[in-house]
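These numbers come from the heavy atoms of this one structure, side chains and all, not from hydrogens, waters or symmetry mates. Note that the coordinates shown come from a computational prediction; the quantities given were computed from them, not determined experimentally.
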Amino acid sequence: MTESLDDARLAGWRAYIEASQRLYTRLEEDLRVDSGLSFADYHVLVLLSEAPGQRLRMGELADRLVFSPSRLTYQISSMRRRGLVAREACPQDRRGSEAVLTAAGLLALREAAPGHLASVRRHLMDDLDDHEVATLTRVFARLGRRLRADRDASSTPSE
């Protein structure tokens with residue numbers, strides 16, 4: 001049996017969704033104006049920059065981005081045309097391929113990151129009212145507790 005959401009919780013979730021959508025729109029607009037990158041471009045570049053050898057299998061990249069294979073193929077093709085990433089055969093899997101960060105992609109990320117972080121700080125401080133900040137804080141605190149509990153549960157050795 002599922003619990004029905006009471007009005008206060010429903011209003012809290014609605015405020016969270018509206019604030020998140022407004023922030024996402026403003027942050028993506030800033031990112032595009034400052035660097036010409038979309039959020040998807042930026043996240044692909046971040047994931048590749050943090051990966052060993054600055055390369056990831058396409059399946060793993062899709063999982064981390066929560067992209068469908070067709071969406072990822074489109075994204076990588078678009079980024080390849082702009083020289084941000086390359087696509088190479090995967091040595092561990094003959095059938096698969098890997099996305100590889102190029103020097104131009106790394107440079108684009110390094111140039112975009114400071115402006116993006118400043119934009120995040122600016123919009124979080126200036127565009128949210130106190131109720132939205134409190135709502136986001138509660139949601140992220142709850143999410144953090146769950147993630148820590150899941151991580152702790154998965155890291156304990158099983159008997």
Side-chain angles (χ1 to χ4, degrees), residues 13-129 132-133 135-155:
W13 278 108
R14 186 172 290 120
Y16 166 74
I17 291 166
E18 289 169 359
S20 297
Q21 288 173 335
R22 195 170 71 248
L23 281 173
Y24 177 86
T25 301
R26 289 185 177 160
L27 292 173
E28 182 152 50
E29 287 170 359
D30 286 355
L31 190 60
R32 281 191 189 276
V33 167
D34 292 343
S35 65
L37 299 175
S38 68
F39 260 166
D41 295 337
Y42 186 79
H43 289 292
V44 167
L45 294 175
V46 167
L47 287 172
L48 290 175
S49 73
E50 295 172 347
Q54 296 183 333
R55 60 180 53 232
L56 279 172
R57 286 186 218 176
M58 294 292 284
E60 186 176 356
L61 191 56
D63 290 346
R64 290 186 183 189
L65 292 167
V66 195
F67 275 5
S68 68
S70 60
R71 171 70 173 108
L72 181 63
T73 299
Y74 172 80
Q75 183 67 39
I76 295 299
S77 296
S78 167
M79 294 177 75
R80 278 179 61 194
R81 284 191 297 277
R82 292 180 285 145
L84 301 173
V85 298
R87 193 164 172 183
E88 297 178 358
C90 180
Q92 296 91 359
D93 181 0
R94 290 183 305 121
R95 297 167 295 150
S97 61
E98 292 178 321
V100 180
L101 184 64
T102 63
L106 186 59
L107 180 62
L109 178 62
R110 286 183 178 157
E111 290 176 351
H116 179 60
L117 294 176
S119 177
V120 169
R121 280 192 295 275
R122 182 176 63 252
H123 288 300
L124 283 174
M125 292 177 70
D126 296 344
D127 294 341
L128 297 178
D129 62 32
E132 290 171 328
V133 169
T135 300
L136 288 171
T137 302
R138 278 194 312 276
V139 168
F140 287 123
R142 187 176 306 137
L143 179 61
R145 284 192 301 272
R146 285 186 183 162
L147 290 173
R148 281 190 298 278
D150 289 348
R151 184 187 61 214
D152 293 345
S154 68
S155 66

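The structure places CG of L61 at 10.5 Å from CD of E98, a figure rounded to the nearest 0.5 Å. To the nearest 0.5 angstrom, L72 atom CG is 12.5 Å from R64 atom CZ. Once rounded to the nearest 0.5 Å, the distance linking CZ of R82 with OG1 of T102 reads 10.5 Å. Here the straight-line distance linking atom CD of E29 with atom OH of Y24 works out to 11.0 Å at 0.5 Å rounding.
L47 places none of its side-chain heavy atoms less than 4.5 Å from the side chain of E60. The side-chain heavy atoms of L109 and L48, taken from C-beta on, include no pair separated by under 4.5 Å. Residues V44 and L84 fail the side-chain proximity criterion, which asks for heavy atoms closer than 4.5 Å. Considering only heavy atoms from C-beta on, Q75 stays 4.5 Å or farther from L65 through its side chain. L45 places a side-chain heavy atom less than 4.5 Å from the side chain of V85.
Contacts of E18 classified as salt bridge (charged side-chain N to carboxylate O under 4.0 Å, His left out), with partners at least two apart in sequence or in another chain: none.
Remark: the backbone N or O of L31 is paired with a side-chain donor or acceptor of S35 at under 3.5 angstrom. The closest donor-acceptor contact from the side chain of Q54 to the backbone of L101 lies at 3.5 Å or more, if one exists at all. Within the 3.5 Å criterion, the main-chain N or O of S38 finds a donor-acceptor partner in the side chain of D41. Remark: side-chain polar atoms of S97 are not paired, donor with acceptor, to backbone N or O of R87 under 3.5 angstrom. Between the S77 side chain and the T73 main chain, a donor and an acceptor come within less than 3.5 Å of each other.
In this structure, F39 places its CZ atom where more than 12 heavy-atom neighbours from other residues, nucleotides or ligands lie under 6.0 Å away. Annotation: R22, atom CZ; neighbour count of heavy atoms from other residues, nucleotides and ligands within 6.0 Å is above 12.
Of all non-hydrogen atoms in A112 and L37, the two that sit nearest each other are CB-CD1, 3.8 Å. Smallest separation of non-hydrogen atoms from A40 and R71: CB-NH2, 3.9 Å. A pairwise comparison of heavy atoms in S119 and L27 identifies OG-CD2, 3.3 Å as the closest pair.
Note: Y42 and H116 have tilted aromatic rings, judged against thresholds of 30 and 60 degrees for the angle between ring planes.
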